[in-house]
Structures are given as C-alpha cells and as structure tokens.
Number of protein chains: 2
Amino acid sequence: MADGGEGGVTLEQVAREAGVSPSTVSRILNGTANVRDAKVRAVQAAIAKLRFMPNAAARALAGGRSMSIGVVIQAIDSPFYGEALAAIEKALLRAGYSVLFVSGRWREDDERRGIDHLVSRRVDGIILVTSCLPDAELQRLSRALPVVLTGRALPGERLHCLDTDAVPGARLATEHLIAQGHSRIAFISGPVDHPDARQRLEGYRAALRAHRIPRVPQLVVEGDYSDACGTALTPEFLKSLSSTAVCPPATGPVKRARARSTEGTRGFADG
Amino acid sequence: MADGGEGGVTLEQVAREAGVSPSTVSRILNGTANVRDAKVRAVQAAIAKLRFMPNAAARALAGGRSMSIGVVIQAIDSPFYGEALAAIEKALLRAGYSVLFVSGRWREDDERRGIDHLVSRRVDGIILVTSCLPDAELQRLSRALPVVLTGRALPGERLHCLDTDAVPGARLATEHLIAQGHSRIAFISGPVDHPDARQRLEGYRAALRAHRIPRVPQLVVEGDYSDACGTALTPEFLKSLSSTAVCPPATGPVKRARARSTEGTRGFADG
DNA sequence: CTGTTAGCGCTTTCAA
DNA sequence: TTGAAAGCGCTAACAG
C-alpha cells in the first residue's frame, strides 16, 4: 500500500534490513527501552530506506489503544462548529491522535449511530460538541470510555464537561447595549426548542426586566444558527425595526461575542 | 471498553455463547456465506445479549481493508468546505466507512504530514478537497492508494478528479448580470495567488471584454473566501459602488451559484 | 453448511 | 541491551 511495493512495508522487514529483531525496532519506535546507538542508527536508516510506516491497525490491536478520538459535531457546515473542529483536529493530530469525524445533524438517531460506529472503531475517547442525547445515555457512554461534552454540565467519573453560562451571557450582552443608551433591542434567537437558545432568550429578557424596558414581541425572531443574517433578517423584520442604524454583521464587538459564548445573540438598536 | 465488561466483547465470546464456531459468526457478520437459519438467530441473540461490537482494528488487520477514508480539507471553518465535508461524511458513513479528517490549512507541510498520517492509518482511499501539493506528488500518492481530487484535473490510473470550469463559470455569472441590463459589475475575487481565483477573475474580464464593457479597477477587490462579506465589503468599497441597490448576501440566485461552482464570484450592480 | 488452522503486523512479557 | 515467543480479535483458505 505504501509507496514502496504493494501491501505496505512491515516492521519485520525493517528489522531484517537493519539486522536486528522485530522487538528492537518496536522499542525504538516507541521509546520503550534503551537500545544501543549503533542499532538505533541502523534501524532509522532502514526505516528511511524502506519508507516504513507503522500499521496503525496492528498497533491498535496489539497495544490496546487506537490512538484515535471520535469527534461528534452536529452541523459542520457552520463556521461556529467548523472552528471547533479545526481546533480539535489541530491539537489532536499534534498529539499523535487521529480524528474520526461523525456528524449528528441534530438527530438523536444519527448521533447514536455515529457513536456506535466510533465505539466499534475502538476510539480512545469521544468529544461531543453539543449532544442531542439524554443525560443518562451520555453518562452510560462515559462508563465505557472517556467523554468530553460541551454545552451541558453532567456529573460523571470520566465525563468531562465544558459549558457556558447562557443566561448570564445573553444578559450581559443585552446590558451592554442598554448601557450604551439603547432601549429598543432586538433579539435573534436560535431554534426555540434548543435549550441554549431558550436560556439566552431568558437572559435577554432578564436584562430588559431588570432595567424596566418593556418587551416588544416583534423584536424577537427565531433564527436557526446556520445563517442568522439570511434566515432571520427578513425584509419584514428589518422594516419592523424602523431604525436608522443597524450594526453590520461583520464589524464591531458584537460579532466577536457571537464567536465566543453568546452565539446567536445579537443586538440591534435605534440610534 | 464497550458497555458490557471492560475490554470489549469478542467474536469468540459470541461464538461460545451461541454454540457455534468463530468463523460462523464472522460469516454471518459479513454475509460471506449461507448459514443455517437457526444458527443465524442464535448468533444474533448472542450479539444482542453481549452487546458485541466487532473490533475494527482486528478486522482491518485480518481483512486487509480498514473501511476508512481519509479526507483532507484546507479550512474547515468555512461553510463552503463544511458543506463538502458534511456531504462526504454522510455518504461514507452510510456505506460503512469511517471518516478520518485532517486539515491542511493551506500549508504544504501540514497537508503532507496529514497525508502521511492517513497512509499510516491504512485508509482505503484519500479525498483531497483542494490540495496545495504539486501535481507530481499527488500522482505518486495515487500509485499507493486511490485518490479523489477536487479543483484540479490530473491524469492517473487511480486518481479521480473533480474539477469546475472556473473561467467559463465566472464568465457565465457575469454575463447573467449583463443580460439583466447591468453594466457596472463588481467582482470580489479570492486571494490573487489562488489559481481558481485567478481563473474566475479571468472569466469575469472575458465577459466584460466580449460585451465591450470597460473595466473599472475599483470594482475588483480581493477577498479571502473565508468571509467575503466581512473582508471585502469595506465601507470604502461599498461607497465606490455609489449604487442604490446591492444584492443582499443571502437571497436570490447569486447565492446559490456561490455554493456550487462560482464561489467567491459575486456581482453587484447599480439599479 | 461449518469447524479447524493459519496468519494479518505489531507489542510485550520472559529469559538470556 | 536484546531476542524468542505468545498473543491482540478477526478473516480466510482448507477440509470435511
């Protein structure tokens, strides 16, 4: 398979070429033991000459670790999750791990199937960037292998969570606009059945309430996270703002905030 | 590892539980041969009872195929490539393949490292959604394993290319606007050192030339594909259009075209 | 139709 | 410091 011949160079061939035993080559490859310098050099030369690349499947089978991590993303065609995947991939590859990617598409079944696939692949751990599955199922999964979960906080020995404070986050964002003197503040929410989206809306409302600003139903529209500008900013909505100034999507601090913890929460205000 | 005990249920345990030989279980799993109905049922029951999930590494080692495909994407934090990855993942998973994802980040070295990683993982094939590597290197790679390449057309036995006609594509898009009666047509190009971007610009110019429309340098700006709206549409640029109507980014046929073959090519015209 | 027998390529005791 | 040998869990001839 590899560049050399047809089915891939094996560790044994390297050993023969270098005049040592397979175990010695393995030791050098893994730094498992000290090997005489001359042999190290001989082996390295053989590896280079034969263009040897260790067979990951064999390693996984013999060693018990696959050196691969499963990453579940709901919708990869979204810059938000794309950024996450890119960062994960970068860190993992640098650490020598492979990234097995599966997409959940916000559907329980798809996600479940994907996870089963990963488990069968014997990944050493799973990263769930937002999950649709019920708490209990995730906790059960984490008993089988280490799990990293974002967007939810759950107890569990090998269940590591990474969550954001959605309510306070949205409230902070809203209060930022209020502090600037705005009082007609619009809110593009995520899908109403999305827990995060709901919490953010709650934060927005809390801010208004705290500052005794009346709610205007028309100022709250439902987006879908995928392209807030295109989906939610219908001509009707824009007209309903009856404003002279609208923050352009790609500038100012609000945009940055979106990329962090208040995704989907954006404020528009009349001058 | 799997849900049951600790290190994963093996095919042999299933065989014992069902009172058959390991090969029979394997045959049922792979549909490699006809097995008496009673045994099939017994095995299926054992599989369900033990929650058996075949060890992919062992399968790969024994069978010679890893049932996994490597996918190289340059910048996943871009809806354009995100969409591609999503589609690839969906089709591959359905076919029983795993997706090993690596990101190239538009850097030759990163891409090369990623490909080596994939080869070592013994993927059954590699999909390169745009590559930075020289032709010869890709052709060499395709001698080691099947390769699918987008954005370039190269000859090669196991090198399958998927390319778009950048010049005619951009020309068509431009002529579409011309046909609508527009004559001041702006062009947001990709990075000028990107072959595709150059070809598209060429197509745009060809259209203008063919229709004897003079080029206006200010109407051509350089974007970076990552967020054309934000990067290229500077206030200065928008002002230079001195127009009353600008196609909104997310509506109309131009948007669709972008998602297909003329990404980065967008027309703006004065009423 | 089904069991037995070899490995796949690597890691890892266990001796030397 | 190093080699020999025994698997890891599964597939694939090869006989019955």
Side-chain angles (χ1 to χ4, degrees), chain A residues 1-2 4-43 46-47 50-68 96 119-124, chain B residues 1-2 4-43 46-47 50-68 96 119-124:
Chain A
M1 220 179 257
E6 59 111 38
V9 182
T10 73
L11 179 149
E12 194 181 342
Q13 293 173 37
V14 172
R16 211 179 344 257
E17 170 80 26
V20 301
S21 80
S23 8
T24 299
V25 177
S26 173
R27 287 182 184 114
I28 293 173
L29 244 43
N30 303 292
T32 312
N34 285 349
V35 175
R36 202 189 309 274
D37 224 51
K39 301 207 171 188
V40 174
R41 257 192 292 281
V43 168
I47 287 177
L50 269 36
R51 297 195 185 306
F52 167 72
M53 307 196 83
N55 180 322
R59 281 182 117 156
L61 186 55
R65 309 193 314 159
S66 67
M67 289 305 284
S68 68
V119 170
S120 189
R121 238 59 232 185
R122 297 298 190 273
V123 293
D124 296 331
Chain B
M1 215 178 259
E6 59 110 40
V9 182
T10 73
L11 178 148
E12 197 182 338
Q13 293 174 35
V14 172
R16 204 169 0 244
E17 170 80 26
V20 300
S21 81
S23 9
T24 298
V25 178
S26 173
R27 285 179 186 115
I28 293 173
L29 244 44
N30 302 292
T32 311
N34 284 350
V35 175
R36 200 189 309 273
D37 225 51
K39 300 207 171 184
V40 174
R41 258 192 292 282
V43 169
I47 288 177
L50 269 37
R51 297 196 186 302
F52 167 71
M53 307 196 82
N55 181 322
R59 282 182 118 160
L61 186 56
R65 310 191 313 160
S66 67
M67 288 305 283
S68 68
V119 171
S120 189
R121 246 48 239 181
R122 296 299 190 273
V123 292
D124 297 329

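Each chain gets a letter, A, B and so on, in the order the sequences are listed, and its residues count up from 1.
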**OP:** Report yes if some heavy atom in the side chain of A:I47 is under 4.5 Å from a heavy atom in the side chain of A:I28; otherwise report no.
**Re:**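 Contact flag for A:I47/A:I28 side chains = no.
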Can you measure [X] atom [atom1] to [N] atom [atom2] for me and round it to whole angstrom units?
{"X": "A:R16", "N": "D:dA4", "atom1": "CZ", "atom2": "C1'", "result": "15 Å"}
{"X": "B:R121", "N": "C:dC8", "atom1": "CZ", "atom2": "P", "result": "21 Å"}
{"X": "B:L61", "N": "C:dT11", "atom1": "CG", "atom2": "C1'", "result": "12 Å"}
{"X": "B:I28", "N": "C:dC1", "atom1": "CD1", "atom2": "P", "result": "12 Å"}
{"X": "A:R65", "N": "C:dG9", "atom1": "CZ", "atom2": "P", "result": "22 Å"}

Original post:
Per the end-axis method with five pairs at each terminus, what is the bend angle of the helix from C:dC1-D:dG16 to C:dA16-D:dT1, to 10°?
Top reply: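 Roughly 30° between the end axes, to the nearest 10°.
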Which atom of [X] lies closest to which atom of [Y], heavy atoms considered:
{"X": "B:V119", "Y": "A:M53", "answer": "CG1-SD, 3.7 Å"}
{"X": "B:R121", "Y": "A:M67", "answer": "NH1-O, 3.1 Å"}
{"X": "A:R122", "Y": "A:S66", "answer": "O-OG, 2.7 Å"}

Subject >> Partners meeting side-chain hydrogen bond (donor to acceptor under 3.5 Å, both in side chains) with B:S26 (sequence neighbours left out) >> reply: B:N30
**OP:** Tell me, please, which residues at least two apart from A:D37 pass side-chain hydrogen bond (donor to acceptor under 3.5 Å, both in side chains).
**Re:** A:R41
Subject >> Pairs touching residues 17-36 of chain A that satisfy salt bridge (charged side-chain N to carboxylate O under 4.0 Å, His left out), sequence neighbours left out >> reply: A:E17-A:K49
**OP:** Tell me whether the OP1 or OP2 atom of D:dG3 has a side-chain N or O from A:T24 closer than 4.0 Å.
**Re:**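 Yes, A:T24 has a side-chain N/O under 4.0 Å of OP1/OP2 on D:dG3.
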Original post:
Does A:A18 have any side-chain contact (heavy atoms from CB on, under 4.5 Å) partners at least two apart in sequence or in another chain, and if so, which?
Top reply: A:V20, A:A42, A:V43, A:A46
Subject >> Which nucleotide in C:dG9, D:dG3, C:dT2 has an atom nearest any side-chain atom of B:K39 >> reply: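 When the side chain of B:K39 is considered, C:dT2 is the closest of C:dG9, D:dG3, C:dT2.
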**OP:** Can you check each nucleotide of nucleotides 10-16 of chain D against protein heavy atoms at under 4.0 Å and return B for base, S for sugar-phosphate only, - for none, in 5' to 3' order?
**Re:** BSBB---
